Amino acid sequence: MTTDSVKVLGVPGSLRKGSFNRALLRAAIEIAETEKIPMTFTVAEIGDIPLYDDDLRESDGFPAPVTRFREQIAAADAVLFVSPEYNYSVPGVLKNAIDWASRAPNQPFADKPFAVMGVSGAMSGTMRMQYHLRQIAVFLDMHPLNRPEVFVRNGKTVFDADLVLTDGPTKQAVAKQLSALVAWTRRLSAR
Ligand code: FNR
């Protein structure tokens, strides 16, 4: 893995078609390609994961969408969360998906490096969400990329009408974080 492409699972925290965060993840995938950052992406879809119910898990095991998500996490070298902030925290859909995936056996997030970026409608840039996600990742035993952080503000000013990322400084910030995630993943895998 030291020289191969890093396999990244992109996990969007918003389900809506017009999501700025889904658009930011698409932009990250394009930037990795154009900047020749050695990573390949799979994008997780978490919208069909049911609400967490331990009775369901105990009676029938993991629902199929959860098994799919767990397998995607297990197969990835690193995870990239791209999420909005809801009520100063991690959106429920993302937390719900994490809660399902985190159950034993073989908790798939354990020992995975991850990065987080996000775009907000207004000024926050998703800072509070990111710090709550980092706290969650402690229990998951993941390895956060500390820097660079990517806080994208005022979504409507950085994307065009087709949700293409047009803001130069944001593109540069994304490229830097992706490169750092590759280095971080390689460093951890060399242990
Ligand atoms: C928000 N929004 C929001 N923004 C923010 O910066 N801090 C916050 O705490 C919240 N809280 C919040 C709660 C809920 C339930 C919604 C629906 C929205 C606004 C949010 O940044 C904006 O809607 C983004 O555009 C959502 O991301 P996507 O869906 O465009 O990716």
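Indexing begins at 1, ligand by ligand and atom by atom, following the structure's order. Below, each value reflects all heavy atoms present in this structure, side chains not excepted, and no hydrogens, waters or symmetry copies. Nothing here was measured: the structure is a model prediction, and the numbers come from that model.
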Suppose we screen for side-chain hydrogen bond (donor to acceptor under 3.5 Å, both in side chains). Which residues come up paired with R103, at least two apart in sequence or across chains?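 Checked R103 against side-chain hydrogen bond (donor to acceptor under 3.5 Å, both in side chains); matches are Y52, D54.
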Looking at R57, I want to see if its CZ is surrounded by more than 12 non-hydrogen atoms of other residues, nucleotides or ligands under 6.0 Å.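 Above 12, so yes.
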Identify, with sequence neighbours excluded, every residue that meets ring-ring contact (aromatic ring centres under 6.0 Å, His included) alongside F114. F81
According to ring-ring contact (aromatic ring centres under 6.0 Å, His included), who are the partners of F159, at least two apart in sequence or on a separate chain?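 Counting only residues at least two positions away or on another chain, F159 forms a ring-ring contact (aromatic ring centres under 6.0 Å, His included) with F20.
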Please list, by chain and number, the protein residues whose heavy atoms come under 4.0 Å of ligand 1. S14, R16, S19, F20, N21, P84, E85, Y86, N87, Y88, S120, G121, S124
From R128 CZ over to E85 CD, what is the distance, rounded to the nearest 0.5 angstrom? 4.5 Å
Does the distance from a Lys or Arg side-chain N to an Asp or Glu carboxylate O, for D77 and R186, drop under 4.0 Å?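 The answer is no: the pair does not qualify as a salt bridge.
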